[in-house]
Amino acid sequence: MPKTHKPTTPSQRSYIKPSQDQLTKNKAKAPKKLLKAKRRTNGRNSLGRITVRHRGGGHKRKYRLIDFKRQKDDIQATVKAIEYDPNRSAFIALLHYADGEKSYIIAPKNLTAGDKVMSGKEAPIKPGCSKELKDMPLGSTVHAVEMYPGRGAALIRSAGTSAQYVAKNNGYATIKMPSGEIRLVRENCRATFGTVSNSENNLKSDGKAGRSRWRGIRPTVRGTVMNPVDHPHGGGEGKNKGNIPQSPTGVLSKGFRTRSKRKSNKMIVKDRRKK
């Protein structure tokens with residue numbers, strides 16, 4: 001259950017925090033080899049111009065190097081700790097392999113410190129274990145799915161998400177995505193059993209503007225209250241509803257598809273919008 005607070009201040013009244021019962025208490029410090037300096041861009045491109053608005057400030061972070069490839073086959077690993085990661089919505093798990101190596105993975109739901117996980121053909125069917133899709137039973141609930149063999153997990157990595165392994169045919173596996181889209185993935189791509197942890201993440205409420213600033217999110221100003229020089233919705237006498245909904249650069253923001261036309265749709269069996 002998400003955690004609520006006594007309304008001792010106005011911000012505490014509406015502050016809802018996702019449950020962190022899965023996290024390991026009194027854990028040791030993260031291994032230095034798995035931490036990396038995280039440089040901030042504040043939404044700017046290489047020319048220093050703002051390309052993503054409402055970014056800047058926030059608490060300093062270190063990036064945790066996550067093993068998305070899971071290529072240490074048939075070597076058992078022990079889950080040392082389940083940790084919070086400031087760079088993603090899901091929790092992460094610190095693994096200690098039998099050969100002495102350490103790595104982080106995306107933590108699935110119900111994985112706890114002390115559990116054993118493995119990757120490869122001989123891996124058991126339980127949360128946290130990774131295999132190629134051709135070695136998995138049909139109907140499995142999976143996450144951290146590769147799009148191309150050996151490139152590492154690219155799909156289904158955010159908190160509380162999972163996909164259904166529906167079918168396999170002619171070297172391809174059929175996956176039902178969290179969005180409802182049904183797509184094909186090569187059957188020698190890897191996936192991990194289970195649902196991603198921190199499923200209550202979508203129930204959180206910051207309670208105050210300051211908590212957004214700690215995360216590096218700056219205030220958002222509506223286009224209708226700007227001047228015409230600043231936004232297509234700006235200007236006019238009194239309150240205006242604005243014209244066609246669009247971004248400051250004129251990109252339509254409701255119903256306009258932004259997917260690149262150069263991308264192929266041949267792997268998509270059923271579009272997420274179709275009933």
Are [Y] and [X] linked, directly or through intermediate hydrophobic residues, by side-chain heavy-atom contacts shorter than 4.5 Å (ILVMFWY only)?
X: Ile217; Y: Val52; answer: no
X: Met226; Y: Ile244; answer: no
X: Val142; Y: Leu138; answer: yes
X: Leu23; Y: Leu111; answer: yes
X: Leu35; Y: Ile82; answer: no

Decide whether Ser197 and Lys109 meet the rule of one side-chain donor and one side-chain acceptor closer than 3.5 Å.
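Lys109 and Ser197 do not have a side-chain donor-acceptor pair below 3.5 Å.
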Can you confirm whether [X] sits close enough to [Y] that some side-chain heavy atom of one is under 4.5 Å from a side-chain heavy atom of the other?
X: Pro124; Y: Cys129; result: yes
X: Tyr165; Y: Ile175; result: yes
X: Lys204; Y: Pro2; result: no
X: Glu200; Y: Ser19; result: yes
X: Leu94; Y: Leu34; result: yes
X: Arg88; Y: Ile106; result: yes
X: Ile182; Y: Thr174; result: yes
X: Val196; Y: Pro108; result: no

Side chain of [X], backbone of [Y]: donor and acceptor closer than 3.5 Å?
X: Arg55; Y: Arg44; answer: no
X: His54; Y: Thr220; answer: no
X: Glu132; Y: Arg190; answer: no
X: Asp74; Y: Met118; answer: no
X: Thr51; Y: Gly43; answer: yes
X: Tyr172; Y: Glu187; answer: no
X: Asn198; Y: Ser89; answer: yes
X: Asn240; Y: Gly235; answer: yes
X: Asp67; Y: Lys69; answer: yes
X: Gln164; Y: Gly139; answer: yes

Please determine whether the number of non-hydrogen atoms from other residues, nucleotides or ligands lying under 6.0 Å from atom [atom1] of [X] exceeds 12.
X: Tyr63; atom1: OH; answer: yes
X: Arg40; atom1: CZ; answer: yes
X: Lys80; atom1: NZ; answer: no

Taking the six-membered ring of Tyr15 as reference, does the cationic atom of Arg211 (NZ for Lys, CZ for Arg) lie under 6.0 Å from its centre and within 45° of its axis?
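Yes, Arg211 lies over the aromatic ring of Tyr15.
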Looking at Phe68, I'd like to know if the NZ or CZ of Arg157 sits under 6.0 Å from its six-membered ring centre while staying within 45 degrees of the ring's axis.
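Yes.
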Separation of [Y] [atom2] from [X] [atom1] (nearest 0.5 Å):
X: Ser140; Y: Lys131; atom1: OG; atom2: NZ; answer: 8.5 Å
X: Arg64; Y: Ile105; atom1: CZ; atom2: CD1; answer: 16.0 Å
X: His233; Y: Ser253; atom1: NE2; atom2: OG; answer: 6.0 Å
X: Cys189; Y: Leu155; atom1: SG; atom2: CG; answer: 9.0 Å
X: Ile156; Y: Met177; atom1: CD1; atom2: CE; answer: 4.0 Å
X: Arg61; Y: Lys36; atom1: CZ; atom2: NZ; answer: 15.5 Å

Do you know the tightest heavy-atom contact between [X] and [Y]?
X: Lys126; Y: Phe193; result: O-CB, 3.4 Å
X: Glu83; Y: Lys27; result: CG-CD, 3.4 Å
X: Thr78; Y: Lys116; result: OG1-NZ, 2.9 Å
X: Ser14; Y: Ser205; result: O-OG, 2.9 Å
X: Asp230; Y: Pro248; result: O-CB, 4.3 Å
X: Gly56; Y: Arg218; result: O-CG, 3.7 Å

Name each donor-acceptor pair under 3.5 Å that joins a side chain in residues 264-271 to protein atoms two or more places apart or in another chain, with its distance.
{"from": "Ser264", "atom 1": "OG", "to": "Lys266", "atom 2": "N", "distance (Å)": "3.1"}
{"from": "Asn265", "atom 1": "OD1", "to": "Arg259", "atom 2": "NE", "distance (Å)": "3.2"}
{"from": "Asn265", "atom 1": "OD1", "to": "Arg259", "atom 2": "NH2", "distance (Å)": "3.2"}
{"from": "Asp271", "atom 1": "OD1", "to": "Arg273", "atom 2": "N", "distance (Å)": "2.8"}
{"from": "Asp271", "atom 1": "OD1", "to": "Arg273", "atom 2": "NH1", "distance (Å)": "3.2"}
{"from": "Asp271", "atom 1": "OD2", "to": "Arg273", "atom 2": "NH1", "distance (Å)": "3.4"}

Verdict with reasoning, Thr112 to Val79, per side chain to side chain contact (heavy atoms under 4.5 Å, CB included)
CA-CA 7 Å; Thr112 55; Val79 178; over 6 Å; no
For the pair Thr161 and His143, evaluate side chain to side chain contact (heavy atoms under 4.5 Å, CB included) and give the outcome as yes or no after the intermediate values.
CA-CA 7 Å; Thr161 56; His143 67 278; 5.6 Å; no
Assess whether a salt bridge exists between Arg213 and Asp206, defined as any Lys/Arg side-chain N lying under 4.0 Å from an Asp/Glu carboxylate O.
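Asp206 and Arg213: not salt-bridged.
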Using a strict cut-off of less than 4.0 Å between a Lys/Arg side-chain nitrogen and an Asp/Glu carboxylate oxygen, indicate whether Lys72 and Asp99 qualify as a salt bridge.
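Looking at Lys72 and Asp99, the cut-off is met.
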Report the C-alpha distance between Leu133 and Val185 in whole Å, list the side-chain angles of each, state the deciding distance to 0.1 Å, and finish with yes or no for side chain to side chain contact (heavy atoms under 4.5 Å, CB included).
CA-CA 9 Å; Leu133 286 162; Val185 178; 4.0 Å; yes
Quick one, Asp85 with Phe91, criterion side chain to side chain contact (heavy atoms under 4.5 Å, CB included). Give me CA distance, side-chain angles, the key distance, then yes/no.
CA-CA 6 Å; Asp85 186 351; Phe91 298 141; over 6 Å; no
